Each structure stands twice: as structure tokens, then as C-alpha cells.
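By convention here, the first residue in the shown sequence is residue 1. Here the structure is a predicted model, which means the values were calculated and not measured. Both counts, for ligands and for their atoms, begin at 1 and track the order of listing.
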Amino acid sequence: MSPVVQNRTHKLEILSVISEVIESGDYILGPTVAAFEREFAEFCNMPFAIGVNSGTDALTLALIALGVGVGDEVITVSHTALATVAGIVASGATPVCIDIDLDSYTMSPLCLKAVISPKTKAIVVVHLYGQTADMDAILEIARENNIYVVEDCAQATGARYKGSKVGSLGIIGCFSFYPTKNLGAIGDGGMVVTRDEKIAERVHRIRQYGWSNDRKTEYIGLNSRLDEMQAAILIKKLPKLDEWNARRLEIANIYRLALISCPIFLPIERPEANHVYHLFVIRTNKRNSLRKFLLENGVMTGIHYPQPVHYHGGYSRLIKVQETQLVNTEKIVDEILSLPMYPELTNENVNYITSLIQNFFSESQESLDFAK
Ligand SMILES: Cc1ncc(COP(=O)(O)O)c(C=O)c1O
């Protein structure tokens, strides 16, 4: 949310690197992209990182590089950004959507086993809101069934699971640098990370028509290049990311302390994960009236997401949904509310928001039963 404050704060540095790119004459896939790829790989403790045009493309290219396509099934969740499923659909594969756990809002490993079929080639696991999914359980099921795990890290850049950075847990990690993300460009951008050299080489080719370094082609590709300006901005921002993520955690803790006695569900942190709070999502059965009240008092909130992906008209016919229905996915859709969350929020800003929420609930006693 609200990337403008950060970009204003660092405007002079950003303008200076943009000016360097203009003078360099290298505008696409040049030395700055290569340098950013090296630094991002190091940040993830991975040997290979390949810059692409967006997080959605990162997912598509990852699946194509794994040989996943038409006739194959890829398991994911319906409670995610539409982009997760759009990325799968673009590879030609059929998304199979399963339910989430209520505590973490991430993929339910229990539901996973039930939908694995001979057609299943990959799982796209989403580290939603800045927290990892239950990776041990998911990786074990994947290993037993010989299925690839691709991580959708778009909302979790810098997050860790048992000490390992997201992106390093599955076969491929996919990142988005959409402006609102924890590490945001001023335009589109994405990254694929992997420790498999052959996969890295394939993604490298697929991102530009299928070309090898000497412009020969053995297979087809797309045009999904990262440009030098975005790379220059991102390379400036990357060293600040851990500090920004730490500030997000501080803000989350202020919210948590102040809201603990309100009749709402607060985010639950996995003990084995480091949450990077891309979003701070609460749940209440008074979601719409709370949202309206906050807006009337100058506080913009969000809903991530107002509709499960399998209800989206353009996609629903392309998606397979678990027969048992997505009970948790359906349940939370009218309850979730994303409170303002970005590192530049001041403590005063957060205190103002929490005092509004406290006032709101002190005037609506009847919802006290909800969080019991
Ligand atoms: C969970 C998730 N996956 C994938 C994406 C796709 O990223 P992009 O917008 O860079 O294509 C996003 C961002 O919107 C996202 O939040």
C-alpha cells in the first residue's frame, strides 16, 4: 500500500540512478539488470536469479521452464491474487484450487493430498500477506508424489521459513516488484530464483524469445525482460529492504497490542517463520461497517481479496475446484480487512487507526461473541 511516500522520500537518489541509466545508453537487460540479478540472488542465498517483466510472468516462465503446460494440472489456492492463477493459465496448465488454513490463510496441506492426480505436475504455493505457507508439510507431500513446488513469493520478499529465505525452499521462487510490494519498482518487474543451473538457463532463454546468448533458438519463448531503470531503482532499494521489513513488523506489533481486546481476529504468526507483513489483515463480522467508519475518518483500508479466484468470470471455467468446496476460502471473504501497512507509517498514524477501531467496537458490543 502507498508506495508514493517511500518514492518521494528517496526521490533524489532515484532520479540520480535514472539519470545514470539515460546516460548509459543501455535500457533493457544491460549491466544494471545483471548486477541486480547477482545481488538479489545473494539476498535469497541462491546461485541464480533471472529478472523478468512481472511476478505473473515469473510464475509462467517458471512453469514453462519446468516443462509444465497443456494437459498438466497445477495445484494452488483460490484465496490469492488473481495473478497467481493468471500465471498458471498462461503456461497452458490447468489450475486446481484448494482451500486454505484459517490461521495462516495459506495452502492447507490436508487438502493438498486429496487433489493429487497423475496429471499433477506442480504446486504453486503462495506465501500470502508476507508469511510462508506450511512448507515442511507441503514439501513432504510434493516429494512423496514427485511434484515440483514453485513458490509465489510476490508478497513475501525477505521472509524466512526456519531460517531460509523464501524462494529457496522449492525448485523455483517467483517474485514481484510491483510498486506496492515490500521491494517495489516504479513500474513492473519480477524475478525467478533457482539453484538448478539448467532451469536457470531455460528461464534465461524463455524470457527473450527463446534466444541463447548467441541468439540461437532451440525452443520458443516470450518477451519478458526487466528494464535497466527498474533494475537501477531496485538495486538502490534492496539494501534497505530488511530495515523496511523490520519496521513493518514493528507496526504489526503496535496494531496487535492495541487491538488485542477488540473482537477481531488478528494475524497469527507461525513460530517457524518470519512474517514480513506485506499486509496486516484482520477479520471481523463487522468488516463493511468498520471499513466505512475508518474511511469517514480518513483511513483507507483494502480487501485482499474480495472474491476467490475461482469466482472470477474470465477464469472460473478454466479452473478445477476441490470437490469438498473451499470452506475457509468462502468463509473469510466477507470478513477480511487489510489495515494500512507500509514502513513509512508513523507510530502516530498507527495509534490514530487503532484508537478509531477501539472506538468503533466500544460502540458495537454485539460483535463481542464473534472472536470467542
Ligand atoms: C500473490 C501474488 N502473486 C503474483 C503476483 C503478480 O505480480 P505482478 O503484479 O508483478 O505480475 C502478485 C502481485 O500482484 C501477488 O500478490
Legend entry - Per-atom contacts, ligand 1 versus Q155 - under 4.0 Å to a heavy atom: 1 (C), 16 (O)
Inset, instruction - Classify the angle between the aromatic ring planes of F360 and F293 as parallel (below 30°), tilted (30 to 60°) or perpendicular (above 60°). - result: tilted
Inset, instruction - Take the angle between the ring planes of F40 and F36 and call it parallel below 30°, perpendicular above 60°, tilted in between. - result: tilted
Legend entry - Under 4.0 Å to a heavy atom of T84 - the qualifying atoms of ligand 1, by number: 1 (C), 2 (C), 3 (N)
Legend entry - SB check E296 K292 (cutoff 4.0 Å): yes
Inset, instruction - Return the residue, atom name and 0.1 Å-rounded distance of the protein heavy atom closest to atom 13 (C) of ligand 1. - result: K181 NZ, 2.8 Å
Legend entry - Backbone or side-chain N or O of F177 under 3.5 Å from ligand 1 N or O: no
Inset, instruction - Quickly, which of T157, T180, N182 forms a side chain to side chain donor-acceptor pair (under 3.5 Å) with H278? Name it, please. - result: N182
Inset, instruction - Consider only side-chain N and O atoms of T329 and H79, and report whether a donor and an acceptor are under 3.5 Å apart. - result: no
Inset, instruction - Using a strict 4.0 Å threshold on nitrogen-to-oxygen distance, state whether D214 and K216 make a salt bridge. - result: yes
Inset, instruction - Please confirm whether S176 comes within less than 3.5 Å of ligand 1 when only nitrogen or oxygen atoms on both sides are compared. - result: yes
Legend entry - Minimum non-hydrogen distance to atom 1 (C) of ligand 1, winning option of D188, L59, D152: D152
Inset, instruction - Please name the pair of heavy atoms, one in R248 and one in M341, separated by the smallest distance, quoted to 0.1 Å. - result: O-CE, 3.4 Å
Inset, instruction - Output the list of atoms in ligand 1 that are nearer than 4.0 Å to some heavy atom of A154, sorted by atom number. - result: 2 (C), 3 (N), 4 (C), 5 (C), 12 (C), 15 (C)
Legend entry - Polar atom proximity, T56 to ligand 1 (N or O, under 3.5 Å): yes
Legend entry - Residue and atom name of the nearest protein heavy atom (relative to atom 5 (C) of ligand 1), distance in Å to one decimal: A83 CB, 3.4 Å
Legend entry - Full working for side-chain contact (heavy atoms from CB on, under 4.5 Å) between D99 and V77: CA-CA 6 Å; D99 210 0; V77 285; over 6 Å; no
Inset, instruction - Answer side chain, backbone, both or neither: which part of T80 comes under 4.0 Å from ligand 1, heavy atoms only. - result: side chain
Legend entry - Element-labelled atoms of ligand 1 that are located less than 4.0 Å from some non-hydrogen atom of S54: 10 (O), 11 (O)
